Amino acid sequence: MTQISINPVTRIEGHAQVLIDLDSTGNVQKAHFKVVELRGFEKFLVGAAVEEAPRITPRICGICPTSHHVASAMALDQIYGVEPPPTGKALRELLMLGQYIHSHALHFFMLAAPDYLIGHEASRGERNVLGLVKVNPDLAKKAIEVRKTGQRITEAVGGKPIHPATAVPGGMSHHLDDAHKSALYDMVKGSLAIARDGWAIARELMEKTDITFATITTGFMGLSNQGTFSFQDGSVQVIGADRTAIGSFRGTEYLNYIEEYSEAWSYLKFCRRIGGEYYRVGPLARLNLVNRMGTPSADEALKEYRAKFGEFVQSTLAYNIARYIEFLWACERALQLLGDPIVTGDKTRIAVDTVKNRRGVGIIEAPRGTLIHDYTVSEGGIIEKCNLIVATCQNNYAIDRGVEQIARGVVANGTLTESGTNRIEMAIRAYDPCLSCATHALGQMPLRIQINQNLEECRR
Amino acid sequence: MKIAIEELAGCSGCTISVLDLHEQILSLIQQAEIVYSPVIMDVKEPPEGIDIAFVTGAVRNEENQERLKTIRKRSKKLVALGTCACYGGISGLSMLSNSVDIFRCVYQEVETGKAGNPLPQEVPSFLYRTFAVGDIAKVDYYITGCPPKEKYLQTILPALVKGDTVQLSKKSVCSECDRVMGSVDKWHLRRRHEGIPDREHCLLGQGYLCLGSVTFGRCGAACPHHNIPCQGCNGPSLDILREPCRDIFNMMIRRIADLTGIPQKSLEKEMYDVAHVMYPYTIGSLIMEDKEISHIRDLIKEGSSQ
């Protein structure tokens with residue numbers, strides 16, 4: 001069997017392969033997005049003292065640890081029967097905003113932008129953030145600056161910039177003092193100015209976006225707070241591929257909507273709606289579900305986005321622009337919140353003692369999409385059952401189909417060029433997949449693109 | 001000077017911790033060329049002639065092992081970066097059950113799964129256990145931390161690139177903690193979420209299993225500082241690492257007994273969920289398991305036979 005492999009596919013979080021089977025004429029027969037890693041958190045959390053979960057689960061992912069940390073703490077609030085005080089809630093929101101700013105800036109400027117600003121034809125060694133430092137040092141410095149702001153927020157509120165530790169059942173363990181708050185306020189102000197200026201770059205990319213690239217028609221799922229963008233309030237909205245409202249859910253009701261299936265060739269599970277319809281999550285989905293972002297610059301940007309793509313968007317590359325609008329929103333919202341005295345309040349947590357409910361479900365919008373942590377515990381607070389639904393499993397089908405679509409276009413006579421390879425990678429990268437999250441992985445392998453040609457072809 | 005960052009079984013957090021040098025990374029890349037790092041750049045294989053390779057993550061499957069062998073061969077110096085590479089990290093907890101049970105749980109038994117879902121087969125096999133990088137390859141330097149902290153990487157990385165050595169603290173988390181010991185007269189064990197600890201006094205003295213005294217520092221005691229007991233994510237303190245008769249569990253028991261006068265035997269009986277509470281970051285380390293007094297062997301045996 002002839003195998004052309006590109007190993008690893010890069011500028012994504014985690015490791016996998018793309019497998020392309022060719023027919024005897026050298027054309028693509030089928031292509032799959034194959035993930036070869038699994039860590040098994042759902043299994044090894046069983047038997048754990050449940051209060052350890054908010055610090056163990058962030059280790060699923062070093063890019064979006066905060067989402068796991070907060071979703072886990074939300075599940076624990078329910079288990080211990082408490083509602084965090086307003087300051088505790090505000091600090092959790094601020095912590096998540098730090099995450100959004102860092103994660104979205106990382107993806108937009110450092111992982112995805114090289115495709116647009118340096119280009120497919122550049123050499124592998126140049127098409128990355130270090131190449132960006134050479135071709136556009138000013139932009140690279142700004143990207144570093146905004147991501148730093150995100151990480152500084154996470155560090156001040158969460159104790160550490162990566163794998164934060166302060167979200168506990170009942171609220172937050174630490175209060176934010178005035179000195180830290182003022183320092184963060186100034187940093188966010190600077191970052192918001194960069195984010196507003198940067199919209200010009202995102203707008204230019206938007207104008208050039210190929211709306212058919214790796215596009216697929218699916219339904220969508222995501223939180224919406226009565227039509228306003230939110231990553232933590234409201235209920236999860238479910239809409240069909242034709243934009244009809246299917247329903248909405250909170251807590252364990254997710255079980256009425258989501259099912260998971262698997263394939264023998266991938267460690268990564270696939271989610272779909274019970275009944276079989278496919279859906280997507282993440283920035284594209286969230287913007288399809290809201291009427292407004294709720295902050296001025298992001299709302300302006302949303303108008304332009306809708307003028308370009310329409311009110312209901314299926315275009316895969318629109319993910320990158322939607323992600324930028326969320327980044328802009330996160331900077332604006334963080335500045336609002338840091339201007340509110342509630343974040344420096346003293347009462348950050350309510351003391352908890354024994355288990356009040358045997359089950360808790362935390363649902364939050366992680367940067368990459370809807371995240372669900374569902375724990376069932378014993379009366380002594382030991383985890384008996386655990387289910388984690390993460391963004392990339394929910395986008396797995398769409399990524400897989402997008403890969404095949406692009407592969408059909410770029411593989412010619414059994415060969416795949418360097419720029420063709422990068423186009424396949426772009427179809428994956430648009431979703432900003434997080435494979436460590438997706439597989440809560442045990443051991444992992446880089447994303448490879450392999451071309452399998454049948455044996456006859458090989459002999460010829 | 002050519003440097004590379006390789007990812008094994010982990011979360012990419014250590015690579016992000018290098019990016020967390022922020023503007024300092026611009027001066028670093030003037031002195032050293034990053035020739036390979038799959039999370040941030042498109043070079044597909046580590047090239048020959050790497051001066052310093054940073055390896056992050058644990059070794060859990062055959063592919064991890066192969067990658068480790070390749071990068072070791074192609075590098076002059078190899079640095080185990082982060083707690084997974086140094087001690088197996090959180091991936092080691094997977095040894096609490098066997099791989100068939102993990103697969104069944106993940107694909108079939110979770111509530112959104114189905115009994116008929118196929119188990120992945122055309123995928124790399126797990127090794128029989130988790131390994132730290134140093135368990136199977138020669139390591140020149142260890143940098144612990146989950147992930148290593150910006151403040152220390154700011155000192156360590158430029159020095160490594162220049163070929164200099166630096167003197168850093170080798171003390172435990174307690175040495176960086178500002179708390180003082182309070183009264184332990186009414187000491188009783190508390191789960192880490194119970195009540196609200198006071199900010200002035202030692203968390204262990206207040207009854208919480210804070211692992212600060214058995215954990216290597218260089219984190220600024222970030223968790224105790226934020227009123228959270230240490231979970232041991234920087235790996236074992238140097239005395240535990242060096243002394244065969246010292247282990248995380250027995251040193252914790254000994255310390256509480258010394259503090260409170262409660263007999264060690266009765267303290268041992270009170271301990272709960274030892275795997276996730278005491279060993280979550282070191283259970284995958286052969287060095288830690290090989291200590292005669294370690295509880296890791298029993299925990300693995302217990303878990304995998306269930």
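The structure presented is a predicted model; accordingly, all values stated were derived computationally and were not measured.
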**Request:** Answer yes when E23(B) and K142(A) have at least one side-chain N-carboxylate O distance shorter than 4.0 Å, and no when they do not.
**Result:** no
**Prompt:** Distance from F44(A) atom CZ to I102(B) atom CD1, nearest 0.5 Å?
**Reply:** 8.0 Å
**Request:** Would you name the heavy atoms of C146(B) and H163(A) that are closest together and state the gap between them?
**Result:** O-CD2, 3.4 Å
**Message:** Please check if the number of heavy atoms outside K2(B) that lie under 6.0 Å from its NZ is greater than 12.
**Reply:** no
**Closest-packed option against chain B by number of heavy-atom pairs under 4.5 Å, given G159(A), A140(A), G158(A), G131(A)** = G159(A)
**Asked** Is it the backbone or the side chain of Q151(A) that comes under 4.5 Å from a heavy atom of chain B, or both, or neither?
**Response** side chain
**Request:** Go through the steps for L93(B) and F41(A) under the test side-chain contact (heavy atoms from CB on, under 4.5 Å), then give the verdict.
**Result:** CA-CA 9 Å; L93(B) 286 171; F41(A) 275 74; over 6 Å; no
**Asked** Can you tell me how far the CG atom of D353(A) sits from the CZ atom of R191(B), to the nearest 0.5 Å?
**Response** 12.0 Å
**Message:** Evaluate L130(A) against I29(B) for side-chain contact (heavy atoms from CB on, under 4.5 Å), listing each step before the verdict.
**Reply:** CA-CA 8 Å; L130(A) 307 175; I29(B) 58 174; 3.8 Å; yes
**Request:** Just jot down the side chain to side chain contact (heavy atoms under 4.5 Å, CB included) partners of V352(A), sequence neighbours excluded, or say none.
**Result:** Y80(A), V82(A), P169(A), H193(B)
**Request:** Find the distance between CD (E111(B)) and CD (E259(A)) and round it off to the nearest 0.5 Å.
**Result:** 13.5 Å
**Fill in**
Scored by heavy-atom pairs under 4.5 Å with chain B, the best of T166(A), I56(A), V50(A) is I56(A)
**Asked** Among C14(B), P280(B), G195(B), which has the most heavy-atom pairs under 4.5 Å with chain A?
**Response** G195(B)
**Complete:** Note: vs chain A, highest number of non-hydrogen pairs under 4.5 angstrom among R199(B), H225(B), E150(B), R104(B) is E150(B)
**Request:** Please work out which of the three classes, parallel, tilted or perpendicular, describes the rings of Y267(A) and F126(B), given edges at 30° and 60°.
**Result:** parallel
**Prompt:** At a heavy-atom separation under 4.5 Å, does L111(A) approach chain B through its side chain, its backbone, both, or neither?
**Reply:** side chain
**Message:** Does any backbone or side-chain atom of L26(B) lie under 4.5 Å from a heavy atom of chain A? Answer side chain, backbone, both or neither.
**Reply:** side chain
**Asked** Which bit of A73(A) is near chain B, if near means a heavy-atom gap under 4.5 Å: side chain, backbone, both or neither?
**Response** neither
**Request:** Output the option from M110(A), E145(A), R349(A) having the highest count of non-hydrogen pairs under 4.5 Å with chain B.
**Result:** R349(A)
**Prompt:** Out of E260(A), K141(A), E155(A), which one racks up the most heavy-atom pairs below 4.5 Å with chain B?
**Reply:** E260(A)
**Request:** Could you tell me which non-hydrogen atom of V46(A) sits nearest to which non-hydrogen atom of H276(B), and how far apart they are?
**Result:** O-CE1, 4.2 Å
**Fill in**
Bottom line for I274(A): the part with an atom under 4.5 Å from chain B's heavy atoms is neither
**Criterion side-chain contact (heavy atoms from CB on, under 4.5 Å) on D374(A) and V110(B), from CA distance to verdict** = CA-CA 10 Å; D374(A) 177 1; V110(B) 294; over 6 Å; no
**Closest contact, heavy atoms only, I258(A) versus T112(B)** = O-CG2, 3.3 Å
**Request:** Quick one: pull up CG in N117(B) and OG in S262(A) and give me the separation to the nearest 0.5 Å.
**Result:** 4.0 Å
**Message:** Please give me the minimum heavy-atom distance between D20(B) and R147(A), naming the atom from each residue.
**Reply:** OD1-NH2, 2.8 Å
**Asked** What residue, out of A222(B), S17(B), G113(B), C105(B), has the most heavy-atom pairs lying under 4.5 Å from chain A?
**Response** C105(B)
**Item:** Pairing of R192(B) and E52(A) as salt bridge, 4.0 angstrom limit
**Value:** yes
**Request:** Answer yes or no: is there an ion pair linking K43(A) with D101(B), defined by an N-O contact shorter than 4.0 Å?
**Result:** no
**Request:** With rounding to the nearest 0.5 Å, note down the distance linking CD in Q231(B) to CZ in R55(A).
**Result:** 4.0 Å
**Item:** Residue pair K160(A), H226(B): steps toward the side-chain contact (heavy atoms from CB on, under 4.5 Å) verdict
**Value:** CA-CA 10 Å; K160(A) 302 193 295 172; H226(B) 288 81; over 6 Å; no
**Prompt:** Checking heavy atoms, do the side chain of H175(A), its backbone, both or neither come under 4.5 Å from chain B?
**Reply:** neither
**Prompt:** Got D42(B) and R11(A) here, is their nearest side-chain heavy-atom distance under 4.5 Å?
**Reply:** yes
**Message:** A quick test of your reading: do over 12 heavy atoms of other residues, nucleotides or ligands sit less than 6.0 Å from NZ of K114(B)?
**Reply:** yes
**Request:** Using side chain to side chain contact (heavy atoms under 4.5 Å, CB included) as the criterion, list what pairs up with R190(B), not counting sequence neighbours.
**Result:** H188(B), E194(B), Y208(B)
**Fill in**
Under 4.5 Å to a heavy atom of chain B? For K148(A) that would be both
**Taking every non-hydrogen atom, the tightest pair across R59(A) and I90(B)** = CB-CG2, 3.7 Å
**For the student: nearest non-hydrogen atoms of P118(B) and A264(A), plus distance** = CG-N, 4.1 Å
**Request:** Quick one: pull up NE2 in H174(A) and CD1 in I228(B) and give me the separation to the nearest 0.5 Å.
**Result:** 10.5 Å
**Request:** Using non-hydrogen atoms and a 4.5 Å limit, figure out which bit of C386(A) sits close to chain B: side chain, backbone, both or neither.
**Result:** backbone
**Message:** Looking only at heavy atoms and a cut-off of under 4.5 Å, which of A48(A), A165(A), P65(A), P114(A) has the most pairs with chain B?
**Reply:** A48(A)
